Amino acid sequence: MTQDDPRRRIPRTDALMAALADLVPRHGVEAVKAAVTDAQARARTAEIAPEDVETATRTTLAGRRPTSLRPLLNATGVVLHTNIGRAALSSAAREALITASGHVDVEFDLESGARARRGRGTLSALREAVPSAEDALAVNNGAAALVLATTALGVARGRPEVVMSRGEIVEIGDNFRLHELLESTGVTIVEVGTTNRTWARDYSSAITTRTGLVLKVHPSNFVVRGFTHGVDVGELASLLGGLRERGLDVPLLADIGSGLLRHEPLLPDEPDATSVLAAGADLVTASGDKLLGGPQAGLVLGRTDLVETMRRSPLARALRVDKLTFAALEATLRGGPTPTARALRADLAELRHRTETFAEALRDDGIETAVVPHDAAVGGGGAPGVVLPSVAIALPDHWGAALRAHGVVTHVTGGACLVDLRAVDPGDEQRLLDALRRVAHDDVLP
Ligand SMILES: *Cc1c(COP(=O)(O)O)cnc(C)c1O
């Protein structure tokens with residue numbers, strides 16, 4: 001190194017760390033030091049000038065994201081896409097998450113300074129949303145709600161048998177079989193009926209003093225057609241009502257899956273909590289992040305004594321939700337239409353108009369596209385067989401991978417990359433347009 005070697009002008013680490021002290025609270029000292037070392041190395045190879053080391057460090061750190069999770073645009077037409085996080089939260093829910101991220105009165109009474117019921121505001125919102133529910137509870141997810149119910153109401157009460165129809169013993173997610181989950185807690189599943197036909201007498205002959213509950217699971221991801229018969233909640237409730245009069249109280253739990261709280265005319269075959277409770281179910285369990293459009297959670301609604309037994313179960317502590325979930329769930333329940341509801345109910349004519357306008361903007365940019373009919377879907381393992389008539393912008397299929405690199409997930413099928421705006425918030429259209437423009441102008445495309 002000679003006297004005028006520019007490398008002599010590279011600032012020393014301690015000087016840089018002092019100059020960059022303002023970045024330490026956000027990134028931590030280790031990350032700042034690593035970025036400094038990296039920038040110094042780049043200056044040594046003359047990639048950057050010695051005078052630019054500090055700026056280069058700042059640029060590196062500014063591009064550093066606090067989470068490895070990448071924000072995506074859902075242009076698939078699948079409203080609840082399991083692999084990209086199911087429901088997108090409403091703006092009210094997002095705001096609530098920020099509020100709850102500090103210290104909040106999640107389990108604290110400000111007036112008395114004493115401990116209060118955890119998440120009480122959210123649970124009130126749930127009961128207001130479903131007035132026929134005497135009580136409500138929120139746990140980690142739908143699967144947790146089922147585990148808690150079968151453990152607290154079955155195994156813990158010395159009644160370890162859960163009666164289920166064979167036609168409802170199903171796999172609900174990739175390799176996830178509900179009955180196996182329940183059996184892992186010490187429950188014995190008593191299967192009644194056959195795959196395609198189950199009758200009330202099948203249930204009544206299986207119910208004994210060892211029965212903890214009768215579980216009715218909504219077949220949320222498949223349909224059975226043809227020579228079939230099932231026993232609906234109303235019929236099961238009257239059967240169990242008869243047994244109750246004779247001194248055997250076996251609760252009926254309906255797992256509706258989707259989290260619809262009231263009847264949705266667009267999805268006539270999806271059960272909702274209000275109707276199922278009105279039909280006589282003692283308890284309903286559902287997910288928070290499917291059709292309800294909220295955060296991941298498991299909802300339990302129904303009879304006070306049963307909900308209270310579940311709440312007092314030691315397992316409830318392990319399945320409880322945190323303040324962030326309570327906040328987002330309450331905001332979802334009390335706020336305006338969720339992105340899920342808006343995507344589900346989007347009017348086809350408006351969607352077509354929106355898509356045509358969008359396609360025009362692309363053509364103005366020299367991107368040739370066609371607007372084609374598209375079958376959108378509810379997704380998230382819900383409303384099987386329901387097609388939501390939609391439209392999409394058709395692009396060559398290799399755009400699919402290129403768009404993913406820019407955070408846009410599309411429906412790649414039959415040699416085409418289809419961009420469906422149904423589940424894209426209108427406020428995100430500019431982001432989508434920018435991503436499409438970037439791909440169009442990228443050299444990676446042939
Ligand atoms: C989705 C689903 C579950 C599981 O709910 P998670 O919130 O995903 O744990 C249970 N039962 C049914 C019928 C479902 O559709």
Side-chain angles (χ1 to χ4, degrees), residues 78-89 122 126 136-151 162 164-185 187 189 213-224 230 232-233 236 252-261 264 267 269-273 275-277 281 283-302 310 315-316 318-322 324-326 328-329 332-333 338 340 344 377-386:
V78 178
V79 176
L80 299 165
H81 196 304
T82 302
N83 302 140
I84 59 173
R86 285 192 187 161
L89 296 183
T122 307
L126 259 176
L137 182 66
V139 288
N140 180 58
N141 60 9
L146 281 169
V147 166
L148 183 58
T150 50
T151 306
V162 171
M164 281 180 81
S165 164
R166 282 211 166 81
E168 296 171 10
I169 294 183
V170 297
E171 186 164 307
I172 61 164
D174 190 24
N175 273 319
F176 173 52
R177 295 172 176 170
L178 241 159
H179 71 286
E180 290 177 353
L181 170 72
L182 302 185
E183 281 167 345
S184 75
T185 70
V187 158
I189 304 286
L213 44 89
V214 170
L215 173 58
K216 183 130 182 77
V217 178
H218 174 56
S220 54
N221 55 5
F222 68 103
V223 280
V224 180
D232 64 21
V233 169
L236 272 176
L252 171 58
L253 166 60
D255 174 27
I256 61 170
S258 82
L260 278 184
L261 300 182
E264 168 58 61
L267 304 171
D269 297 328
E270 277 299 304
D272 63 279
S275 312
V276 168
L277 287 170
L283 281 179
V284 170
T285 55
S287 289
D289 57 347
K290 292 182 182 172
L291 286 167
L292 183 65
Q296 178 187 301
L299 315 180
V300 182
L301 294 154
M310 289 174 68
L315 190 60
L319 304 177
R320 80 176 190 185
V321 298
D322 75 339
L324 298 176
T325 302
F326 274 128
L329 185 56
T332 302
L333 291 163
T338 60
T340 303
L344 181 70
V378 173
V386 172

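One-based numbering, in listed order, for ligands and for the atoms of each. Treat the numbers as computed from the prediction; the structure is a model and nothing was measured.
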Between G380, A297, S287, flag the one that comes closest to atom 5 (O) of ligand 1 by a heavy atom.
S287
Hey, is K290 touching ligand 1 through its side chain, its backbone, both or neither, going by heavy atoms under 4.0 Å?
side chain
Hey, does V162 have a side-chain heavy atom less than 4.5 Å from the side chain of L253?
no
Between T285 and ligand 1, which residue portion shows a heavy-atom distance shorter than 4.0 Å: side chain, backbone, both, or neither?
neither
Numbered atoms of ligand 1 (with element) below 4.0 Å of H218, judged on heavy atoms:
13 (C)
Identify, by atom number and element, the atoms of ligand 1 in contact range of L178, meaning under 4.0 Å from any of its heavy atoms.
11 (N)
Provide, to 0.1 Å, the distance between atom 3 (C) of ligand 1 and the closest protein heavy atom, together with that atom's residue and name.
I172 CD1, 3.3 Å
Do the side chains of L283 and M310 get nearer than 4.5 Å, heavy atoms only?
yes
Answer yes or no: is there a side-chain heavy-atom contact under 4.5 Å between V321 and T122?
no
With a 3.5 Å cut-off and no angle check, do the side chains of H218 and E270 form a donor-acceptor pair?
yes
If we number the atoms of ligand 1 from 1 as shown, the ones under 4.0 Å from a heavy atom of A143 are 4 (C), 5 (O), 6 (P), 9 (O)
Note the single closest protein heavy atom to atom 10 (C) of ligand 1, along with its residue, its atom name and the distance in Å.
D255 OD2, 3.3 Å
For G142, the atoms of ligand 1 under 4.0 Å from one of its heavy atoms are 5 (O), 6 (P), 7 (O), 9 (O)
Do L333 and L261 come close enough that some side-chain heavy atom pair is under 4.5 Å?
yes
Is any side-chain heavy atom of L292 closer than 4.5 Å to a side-chain heavy atom of L329?
yes
Under the side-chain hydrogen bond (donor to acceptor under 3.5 Å, both in side chains) test, which residues partner E264, sequence neighbours left out?
R345
Please say whether D289 places an N or O atom under 3.5 Å from an N or O atom belonging to ligand 1.
no
May I ask whether R86 places a heavy atom under 4.0 Å from ligand 1?
yes
Determine whether V147 and L315 make a side-chain contact, defined as any pair of heavy atoms from C-beta on separated by less than 4.5 Å.
yes
Counting only nitrogen or oxygen atoms and a 3.5 angstrom limit, does L146 reach ligand 1?
no
